[in-house]
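Structure first, commentary second.
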Number of protein chains: 2
Amino acid sequence: MTHQAEVSGEDILRQRLRDAQFRVTPGRLRVFRALQSHAAPVTIQTLADELTEDGLNLTTVYRVMEAFVALSVAHPTLIGHQTVGYELVEPFRPHHDHLVCSVCGQVVDIYECGLNAALAAMSRGGGYQVEFHQVELHGVCAECSSDGNHGV
Amino acid sequence: MTHQAEVSGEDILRQRLRDAQFRVTPGRLRVFRALQSHAAPVTIQTLADELTEDGLNLTTVYRVMEAFVALSVAHPTLIGHQTVGYELVEPFRPHHDHLVCSVCGQVVDIYECGLNAALAAMSRGGGYQVEFHQVELHGVCAECSSDGNHGV
DNA sequence: TTATTTGCAAAGCGTTTGCATTGGG
DNA sequence: CCCAATGCAAACGCTTTGCAAATAA
């Protein structure tokens, strides 16, 4: 009778940190949890606002995020026109793409994505080994196209 | 016998500027031409390096780009992890997507994209009117996967 | 114990803003 | 002519860096 152990995202993170000779520190765990608690991509600034209240340093948030990107725990995304946000990637959260409203800026996640075959075809020929994809559909959301809304 | 006039990108730009009550100025034309001369997305910094030699002010480049984004002449894209670059959009240049090498950072444009049907399906249900899409495939290019290259 | 990580403060630098001048319509 | 656009310089704010103290392993 085998007992299938639960493997949490945090366990995977710990493992991945150790494998790369990075230490498992409270700061890294806190940033990770903060990322988990957000559905949409978040800026460093937003994370810091939440975490510095608990005594975590802003510089540390930057450094932790740098490590997370290097270890493919999180990746950057463009929010709006100039802002870079971060979000967890697989296996820390399911893969998804974005529907971005160009009027109000709202970002909706799309989890159902039947693009894998088509995307694989697109990458053929160049000899690329595709690791992940990111699709952004820009348009106007239902709400903004109904009311005469002109901005956030 | 009708004479089909050629309509250049610059003509369309002029028209679009006038329609929005923006003036057609040398600065705007120069930034536009600079964008046209680049195949890949370029940073403001790069544009400025090219244009300030000709006496164009850095601040002006920022302001022109702001106008271009507002008028949907150009749009921002994430280059690498932290950098925002800009490129012209349709009809100023044909729509395309990106193949990004995560090792060397090289960006290859993909012009053949059979995703329109699939993307339309993805956006259904939310009531979004999709204006354009942006697909990024991240992976390792042929060169980087053959030699043991570890970064730019 | 030892190398990594963190906190703090200062430096760095890309971006924005104010205002006088220039110039497009 | 008038209002928008530009240039210039200063202000701003995000990000990075250096170094000493704290701490994971």
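Chain letters run A, B, ... following the sequence lines, proteins first and then strands; every chain starts at 1. Quick caveat, the model's predicted, so the values are computed rather than measured.
- A donor-acceptor pair shorter than 3.5 Å cannot be found between the side chains of B/Gln134 and B/His95.
- Remark: side-chain polar atoms of B/Thr60 are not paired, donor with acceptor, to backbone N or O of B/Leu56 under 3.5 angstrom.
- Put simply, the side chain of A/Ser8 gets close to the backbone of A/Asp11: a donor and an acceptor are under 3.5 Å apart.
- The stretch residues 29-40 of chain B has no heavy atom under 4.0 angstrom from DNA chain C at all.
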Q: Using the side-chain contact (heavy atoms from CB on, under 4.5 Å) rule, take B/Asp54 and B/Arg30 through it: C-alpha gap first, then chi angles, then the decisive distance, then the call.
A: CA-CA 10 Å; B/Asp54 290 302; B/Arg30 271 195 272 173; 3.3 Å; yes
Could you list, one pair per line, each protein nitrogen or oxygen that sits under 3.5 Å from a nitrogen or oxygen of nucleotides 22-24 of chain D, together with the distance?
unit_1	atom_1	unit_2	atom_2	d
D/dA24	O3'	A/Val24	O	3.4
D/dA24	N3	A/Arg23	NH1	2.9

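- Expressed to the nearest 0.5 Å, how far CG of B/Asp97 lies from NE2 of A/His133 amounts to 11.5 Å.
- Residue B/Asn57 places at least one side-chain N or O under 4.0 Å from the OP1 or OP2 atom of D/dC8.
- The ring pair (Phe, Tyr, Trp, His ring centres under 6.0 Å) check on B/His96 picks up B/His98, B/Tyr111, with sequence neighbours excluded.
- Here the C1' atom of nucleotide D/dA25 and the CZ atom of A/Arg28 are 13 Å apart, to the nearest Å.
- Across the protein-nucleic acid pair, A/Asp49 atom CG and D/dG13 atom P stand 14 Å apart, rounded to whole Å.
- Of the charged side-chain nitrogens involved, at least one lies within less than 4.0 Å of a carboxylate oxygen, so that B/Arg93 and B/Asp109 count as a salt-bridged pair.
- With sequence neighbours excluded, the residues that form a side-chain hydrogen bond (donor to acceptor under 3.5 Å, both in side chains) with A/Asp19 are A/Gln15.
- Between the axis at the start and the axis at the end of the helix from C/dT1-D/dA25 to C/dG25-D/dC1 there is an angle of 50°, using five pairs per end and rounding to 10 degrees.
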**Q.** Summary of protein contacts for nucleotides 12-18 of chain C, nucleotide by nucleotide, where a base hit scores B, a sugar-phosphate-only hit scores S (4.0 Å, heavy atoms)
**A.** --SBBBB
